[in-house]
Amino acid sequence: MLEVVALSALTTFLLGVGNGAAGEVGKNLSLSVCALARKTLGREVPLPADVDGREELARQLYARVIHDPRLAGEWTLLMESGRERATELSRGGMPPAPWAFTNQQKVLKQLMGEATRPWEGRPRIALLYGPPGGGTTSVARRLGAECRDLFPDGQFCIDLRESAGASEPEPAAILLRLLREMGVGADEIPSTEADREQLYRRLTAERRVLVVIDHVTSLDQVRGLVPATPDVFLLVVVSGQPLLLEAERVAVPPLSKRHAKQMVLKTVGQENIRRFKLELRGLLDRCQGNPLALHVEARLLAGGTGVPDRGTEPWWHHPVRATAQRASLRLGPETVRLCRLTALGGWPSISAEIAAAAAGVDDEARAARMLSEAADAGLLELLPDARYRFRPEIRRHLADTAAPEHGVQECSDAVTRVLDALLNRVLRAAHAALSASWRTEPDPEPSGAFRDESEGIAVLAAEVTNVVHAVFVAEERRQVVTALRLARALWPLQLKAGHWDEVLPALRVAVRCGEQNRTDERMTGALYFQLAHCLGELHRWEQANRATRTAVAYERAAGHLLGEASAVEWQGLLCLNRWQAEEAYGRFVEAESVYRRIAPGQEGAEDLPRALALVGRHQGRALRVLGRLDESRRLLEGAVAFFEGSEEAYNRARALTDLAETLHDIGDDATALAKITDAELLLTPAAAPHLRYLANLRRRCEATAR
């Protein structure tokens, strides 16, 4: 037994527990480690803040464990139950390059040279750049197709255009997306940027992989991705001027007239070239070797619709904008109007509902047809989820021409209509996702409600980038109430689906709006609570503490007891997650006292029994860490009894898991095993991490019961 608990093994285990894996299961394991560390050292042990702190804690624990076989056995069992499963790296997949991709062999040769040169300790990294529409994305995708054998362990492509338009994605959020692409499960992704970077490096070590980050706008976005091993190649793609990145710089030049003509011929078909011989010279002159312009113009040509050459506008000599204008002239006036008004908001993705709202069209099916026509003309790209998006330069052209064509007031009204439509949609989805929660507004359209919780969460997840962007737009337009309500509707997404990185930018803007405008202290308090929740789940402890204190102050000033108690309870959870059990227990007791000030018939009275059961459960968890096991057992049994009479199977399973852990610490493993069985029966296969944790807890109980 002692041989197993080596200092290196204990250190590795603590480093793994401290990496902040998301989800309730990770917190359960962390709390069990906290309880055993306190028992081993005989004092409170705060969660170490960094690697050095974790290594020092391992040394202190080891000094005690080597002299106590009983403690050594407990640590061995806990380490076995917390052993990390090896993450199997998925192979990813690079989207295909356009079929009509032409030439750029010199650019591809430069990139291949960087990918295959002698390593000599220098990171393999290339910066690919060119003007908007210049083909940088196509080159990156073609590289992936041509070097599949060079990177047999995977090709991973992240396109930052898919992030919220008004807020540049943070490095931590980019690492999150990359780890998801690599096949890491949500419960296995660490909460902090540093630990995500560490996991990324561990997954790619000794593997031959290509990582492409497209539409990068700042050095910070890729700073943690620079490879440290010889077989990882990072390709950073920039649309526009190059960044000051230490990398092999590769510019994508315009296509020569010969290659531009080849591209057009591939698009229209060799058999049609005689029909278009007269138009071809003008097309090549206008497009100036820009692949996007060439592709769109060739499709227009193949469609047989003649477009007059009006070269007097100041933007006519900009190839992409000129092409966007010519494509617009091919479409009917209603479709062009819809595209211009939809382009004004800068929405990351466009559905028929958004387009219909922008254009004031009552029939979504009609709006969908117009979007399809615009996509056929090259103004929009079709996305995998049947939505659309504009290419940035095309969107800018459409937005710039909207006011002269339709008037400033109509443009302003179009953006307002989209904001209202998005708000209506996410309020309905939030209510479906958390229908019993006081933190969600009533459904504005009860007759058209979404079916259930899963559909509500799915809608919120599909719209999250648009909603985050909408919060920024609403702030800019000084529609403060809209900004606050949009951000608050994201609560189910962060609570139920863990989309903390995605919603964080919107919450920062929303609390700023609340602070500056003082429109609704209670709403501002609720948003500070959401911000504190996000920051806490991301282990940004000090920021989370500040946000929580502010939430308490706002809720108290508003006289909202339920909100105040909930914020104080979150203060306790922040303490508990940092292994400060004594302070956590005090906060939970304080929260209970605030809850109990809610009188019968007063607002919040209907929510009181459930709130007391949850805060009682948290008190029981804190008391377990403090070694007050009989009190812990009594409170956790009360929480289990409450949820037995409710329809919340998952909360009952969580309470049963907590109770089983306390019973195991007491030494009543037979009863603990029965509680584990009860919890397992309540969980569906979707709760696989929780079921794995229970299986490991069962092994710990069985080992000590023998």
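Bear in mind the structure is a predicted one, so any value in this text is a computation, not a measurement.
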Side chains of Val503 and Gln530 in contact at under 4.5 Å (non-hydrogen atoms): no
Any donor-acceptor N/O pair, Arg196 side chain to Leu175 backbone, under 3.5 Å: no
Residues Glu410, Arg337: salt bridge by 4.0 Å N-O rule: yes
For Ala126 against Leu111, the heavy-atom pair lying closest together: CB-CD2, 3.8 Å
Criterion side-chain contact (heavy atoms from CB on, under 4.5 Å) on Leu150 and Met112, from CA distance to verdict: CA-CA 10 Å; Leu150 191 60; Met112 288 294 287; 4.2 Å; yes
For Arg180, side chain to side chain contact (heavy atoms under 4.5 Å, CB included) partners two or more places apart: Leu176, Ile189, Glu502
More than 12 heavy atoms from other groups under 6.0 Å of CD on Gln241: no
Pair listing, ring-ring contact (aromatic ring centres under 6.0 Å, His included) test, anchored in residues 341-389, at least two apart: Trp347-His469
Whether Gln104 side chain and Pro253 backbone form a donor-acceptor pair below 3.5 Å: yes
Glu353: partners by salt bridge (charged side-chain N to carboxylate O under 4.0 Å, His left out), with sequence neighbours left out: Arg425
Pi-cation contact, Tyr129 with Arg249 (under 6.0 Å, within 45°): no
Side chains of Val320 and Val296 in contact at under 4.5 Å (non-hydrogen atoms): no
Check against side-chain contact (heavy atoms from CB on, under 4.5 Å), Leu460 and Val426: CA-CA 6 Å; Leu460 290 172; Val426 296; 3.9 Å; yes
side-chain contact (heavy atoms from CB on, under 4.5 Å) between Leu427 and Asp443, intermediate numbers included: CA-CA 6 Å; Leu427 287 178; Asp443 190 336; over 6 Å; no
Closest heavy-atom pair and its distance - Leu341, Ala359: CD1-CA, 4.0 Å
Side chain Asp362, main chain Ala356, donor-acceptor under 3.5 Å: no
Closest contact, heavy atoms only, Ala483 versus Glu475: CB-N, 4.3 Å
Derivation and outcome, side-chain contact (heavy atoms from CB on, under 4.5 Å), residues Leu178 and Val211: CA-CA 9 Å; Leu178 183 56; Val211 177; 4.1 Å; yes
CD/Glu381: more than 12 non-hydrogen atoms of other groups inside 6.0 Å: yes
Student check: side-chain heavy atoms of Leu243 and Ser218 closer than 4.5 Å: no
Shortest non-hydrogen contact between Leu210 and Cys147, atoms and distance: CD2-SG, 4.4 Å
Modelled atom types, side-chain donor and acceptor of Thr217 and Glu168, under 3.5 Å: yes
NZ/NE/NH1/NH2 to OD/OE distance under 4.0 Å, Asp501 and Arg177: no
Side chain to side chain, Thr267 and His295, heavy atoms closer than 4.5 Å: yes
Glu334 atom CD, neighbour heavy-atom count above 12 within 6.0 Å: no
Close side-chain approach of Leu422 and Glu463, heavy atoms under 4.5 Å: yes
Exercise: identify the closest heavy-atom pair between Leu398 and Arg340: O-CG, 3.7 Å
Intermediate values then yes/no, side-chain hydrogen bond (donor to acceptor under 3.5 Å, both in side chains), Ser256 and Asn103: CA-CA 9 Å; Ser256 66; Asn103 196 27; 5.2 Å; no
Closest non-hydrogen atom pair, Cys287 against Thr323: SG-OG1, 4.4 Å
Side-chain heavy-atom pair Arg389, Ile350 within 4.5 angstrom cut-off: no
Test: Arg223 and Asp220 ion pair at under 4.0 Å: yes
Side chain to side chain contact (heavy atoms under 4.5 Å, CB included) partners for Arg369, two or more places apart: Asp363, Ala365, Arg366
Polar contact flag, side-chain donor to acceptor under 3.5 angstrom, Arg477-Thr482: no
Heavy-atom check, side chain of Arg91 versus side chain of Asp153, under 4.5 Å: no
4.5 Å side-chain heavy-atom contact, Ile158 and Asp214: no
Partners passing salt bridge (charged side-chain N to carboxylate O under 4.0 Å, His left out) against Glu441 (at least two apart in sequence or in another chain): Arg485
Salt bridge (charged side-chain N to carboxylate O under 4.0 Å, His left out) partners for Asp376, two or more places apart: none
Tyr200 side-chain N/O to Leu225 backbone N/O, donor-acceptor pair under 3.5 Å: yes
